[in-house]
Peer 1: 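Here it is: the structure, laid out below.
Predicted model, so just to flag it, every value in this text is computed and none were measured. Note that ligands are numbered from 1 as they come in the structure, with each ligand's atoms numbered from 1 the same way. Only heavy atoms go into these numbers, but all of them, side chains included; no hydrogens, no water, no symmetry mates.
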Amino acid sequence: MLILGIESSCDETGVALVAWDESAPPEQVPRLLAHALYSQVAMHEAYGGVVPELASRDHIRRVLPLTEDVLQEAQRTLQDIDVVAFTRGPGLAGALLVGAGVACALGAALQRPVLGVHHLEGHLLSPFLSQDPPQFPFVALLVSGGHTQLMQVNAVGDYRVLGETIDDAAGEAFDKSAKLLGLGYPGGPALSRLAESGNPTAFKLPRPLLHSGDLDFSFAGLKTAVMTQARKLGEDLPARRADLAASTQAAIVDVLVRKSMQALDATGMRRLVVAGGVGANRALREQLNAACQQRGVRVHYPELALCTDNGAMIALSAAMRLQSGRSQAHDDYAFDVRPRWPLDQVDEGLTAP
Ligand code: KG4
Ligand code: ZN
């Protein structure tokens, strides 16, 4: 079974081919044959953030050439594709419609069924494509630009939200703090690079909800604290920028690590999966590794290239849904997208019609 996956929920166009053998045992993880990505970051940089209309138009330009690239790399043709998968949500409505529209047009032209999947489920399952894939069940720390959640993951589609952010996401906290430090867009990777040369204990920044007794997060206060510090420093800011970046990163990472450990304690689980763009952060990985090792807990990450948005995780999510019988692809091509779509309602519209 060959699945083409198309991701277009935000500012990255991703296309990938994933294969699975229908006669293989269900625990066999589908294989990634090829994936291709086009990031629009340079285009949005000038505006300091994603411009939805520009994002949609650019997805239109990229998606078919990327599809040709992956077919060529995997030495397959359009006719070899069995199912066309796309990101149905959550994300920017216009951007999602491009991927959904192209997927359904391809499906109709090739007379193959389609399946729209959940972007965050894609992130959640992406570590299955790594050298060290996890096994169900596990606790997942999902840290992307728009979401920060701790989930109990029992099986494909069986997710329980343990805690989530009540305001900004962790990625947003990185991006907004980076903006205050004059680091451009998207600031997460730039802030973490600068933090390498700074002192993480130089500034005392808040760790909201650390002792709240639940598994929720709050990051909005952090950017206010960073802004106050930056203002206080005034002319000294350039000389102390790395220290402030390192202290900001330390505050975010500290909260993420401690709440993840609390989630493992609360569920009694011995496995942690980290997914989403912030999962690429080196300090986060180092501290999670240390904390998990201390407790004898296994921790799994996606390959670095598959931490941020990509088509591979979308093709994989469709493949694992089909493989587990949780979803069936359909051929009515009457696509609708879901810009807002809570992960614990993932099965709505994804079960057999
Ligand atoms: O998962 P993702 O690619 O997109 C969403 O679905 O939102 O996550 C993007 C987020 C951005 O906020 C970006 O700044 C952050 O992930 N990010 C990082 C790093 N790489 C990406 N944050 C901190 N350190 C990094 N190395
Ligand atoms: Zn994402």
Peer 1: Out of the candidates V273, L162, L150, only one should pair with L141 under the side chain to side chain contact (heavy atoms under 4.5 Å, CB included) rule; please name it.
Peer 2: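 Per the side chain to side chain contact (heavy atoms under 4.5 Å, CB included) rule, the option paired with L141 is L150, out of V273, L162, L150.
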Peer 1: What residue and heavy atom of the protein are closest to atom 2 (P) of ligand 1, and at what distance?
Peer 2: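 Result for atom 2 (P) of ligand 1: D309 OD1, 3.5 Å.
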Peer 1: Is K179 salt-bridged to D175, going by a charged N under 4.0 Å from an acidic O?
Peer 2: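 Not counted as a salt bridge, because no side-chain N and carboxylate O are separated by less than 4.0 Å.
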Peer 1: If you measure only the distance, is there a donor-acceptor pair under 3.5 Å linking the side chains of Y38 and D69?
Peer 2: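 No.
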Peer 1: Please list, in number order, the atoms of ligand 1 under 4.0 Å from a heavy atom of G171.
Peer 2: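 In order of number, 12 (O).
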Peer 1: Short list, please: which atoms of ligand 1 are under 4.0 Å from a heavy atom of H123?
Peer 2: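 Within the 4.0 Å cut-off of H123, ligand 1 contributes 1 (O), 6 (O).
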Peer 1: Does NZ or CZ of R88 lie under 6.0 Å from the centre of the six-membered ring of W341, at an angle within 45° of the ring axis?
Peer 2: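 Checked: cation-pi criterion met.
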Peer 1: So which N/O/S atom does D309 have closest to the Zn ion (ligand 2)?
Peer 2: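 Going by distance to the Zn ion (ligand 2), the closest N, O or S atom in D309 is OD1.
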Peer 1: Can you tell me the protein heavy atom closest to atom 9 (C) of ligand 1 and the distance?
Peer 2: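 Nearest protein contact, heavy atoms only, for atom 9 (C) of ligand 1 is G145 N, 3.7 Å.
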Peer 1: Taking only heavy atoms of G146 into account, list the atoms of ligand 1 that are under 4.0 Å away from them.
Peer 2: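 It comes down to these atoms of ligand 1: 7 (O).
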Peer 1: Looking at atom 14 (O) of ligand 1, what's its closest protein heavy atom, distance included?
Peer 2: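 For this ligand atom, the closest protein heavy atom is D175 OD1, 2.6 Å.
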Peer 1: Which residue, T13, L71, I6, forms the side chain to side chain contact (heavy atoms under 4.5 Å, CB included) with L66?
Peer 2: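 Checked T13, L71, I6 against L66; only one passes side chain to side chain contact (heavy atoms under 4.5 Å, CB included): T13.
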Peer 1: Is there a polar contact, in the sense of an N or O pair closer than 3.5 Å, between G277 and ligand 1?
Peer 2: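 By distance alone, the answer is yes.
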Peer 1: Between the side chain of K259 and the main-chain N/O of G163, is any donor-acceptor distance below 3.5 Å?
Peer 2: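 Such a contact is absent between K259 side chain and G163 backbone.
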Peer 1: Should T308 be counted as touching ligand 1, given the test is an N or O pair under 3.5 Å?
Peer 2: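 No.
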Peer 1: Ligand 1 and G187, any nitrogen or oxygen pair closer than 3.5 angstrom?
Peer 2: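 No, since none of the N or O atoms of G187 sits under 3.5 Å from an N or O of ligand 1.
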Peer 1: Would you please say whether a donor-acceptor pair under 3.5 Å links the side chains of Q249 and N281?
Peer 2: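 Present: a donor and an acceptor within the cut-off.
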Peer 1: Can you tell whether the side chains of K223 and D167 come within less than 4.0 Å, N to carboxylate O?
Peer 2: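 Salt bridge between K223 and D167, a charged N being under 4.0 Å from a carboxylate O: no.
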Peer 1: Under 3.5 Å, is there a donor on one side chain and an acceptor on the other for E7 and H119?
Peer 2: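 Distance-only check passes for E7 and H119.
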Peer 1: At what distance is the nearest protein heavy atom to atom 22 (N) of ligand 1, and which residue and atom is it?
Peer 2: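 Heavy-atom neighbour on the protein nearest atom 22 (N) of ligand 1: G188 CA, 3.6 Å.
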Peer 1: Give a yes/no on ligand 1: does C10 have at least one heavy atom closer than 4.0 angstrom to it?
Peer 2: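 Checking ligand 1 against C10, which is what was asked, there is no heavy-atom contact under 4.0 Å.
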Peer 1: Just need the protein heavy atom nearest to atom 23 (C) of ligand 1, so name the residue and atom and give the distance.
Peer 2: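 Minimum-distance protein heavy atom for atom 23 (C) of ligand 1 reads N281 ND2, 3.5 Å.
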Peer 1: How about D11 and Y185: does a side-chain donor come under 3.5 Å of a side-chain acceptor?
Peer 2: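 Yes - a donor-acceptor pair under 3.5 Å links their side chains.
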Peer 1: Quick check: does H119 have an N/O/S atom under 2.8 Å of the Zn ion (ligand 2)?
Peer 2: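 Of the N, O and S atoms in H119, at least one lies under 2.8 Å from the Zn ion (ligand 2), which means yes.
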Peer 1: Looking only at distance, does F174 have an N or O less than 3.5 Å from an N or O of ligand 1?
Peer 2: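 No; every N/O pair is 3.5 Å or more apart.
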Peer 1: Need the ligand 1 atom indices (1-based, order shown) with element for anything under 4.0 Å from a heavy-atom of H119.
Peer 2: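 Under 4.0 Å from H119, ligand 1 has these atoms: 6 (O).
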Peer 1: Distance only, no hydrogens: is a donor on one side chain within 3.5 Å (strictly under) of an acceptor on the other, for Q152 and N154?
Peer 2: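 Present: a donor and an acceptor within the cut-off.
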Peer 1: Is the F128 ring parallel, tilted or perpendicular to the F136 ring (thresholds 30°, 60°)?
Peer 2: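 F128 and F136: tilted rings.
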Peer 1: Taking only heavy atoms of S192 into account, list the atoms of ligand 1 that are under 4.0 Å away from them.
Peer 2: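 Listed by number with element, the hits are 24 (N), 26 (N).
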Peer 1: Can a side-chain donor-acceptor contact be found between E12 and S39 if the only test is distance below 3.5 angstrom?
Peer 2: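 Side-chain D/A pair, S39 to E12: present.
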Peer 1: Looking at ligand 1, does any of its N/O atoms fall within less than 3.5 Å of an N/O of G276?
Peer 2: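 By distance alone, the answer is no.
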Peer 1: Could you see which bit of H147 sits under 4.0 Å from ligand 1, with heavy atoms only: side chain, backbone, both or neither?
Peer 2: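 Answer for H147: neither.
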Peer 1: Assess C10: does it contribute an N, O or S atom lying under 2.8 Å from the Zn ion (ligand 2)?
Peer 2: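 So C10 does not bind the Zn ion (ligand 2) by this criterion.
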Peer 1: Under a heavy-atom criterion of less than 4.0 Å, does R282 contact ligand 1?
Peer 2: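 No; R282 lies far enough from ligand 1 that no heavy-atom distance drops under 4.0 Å.
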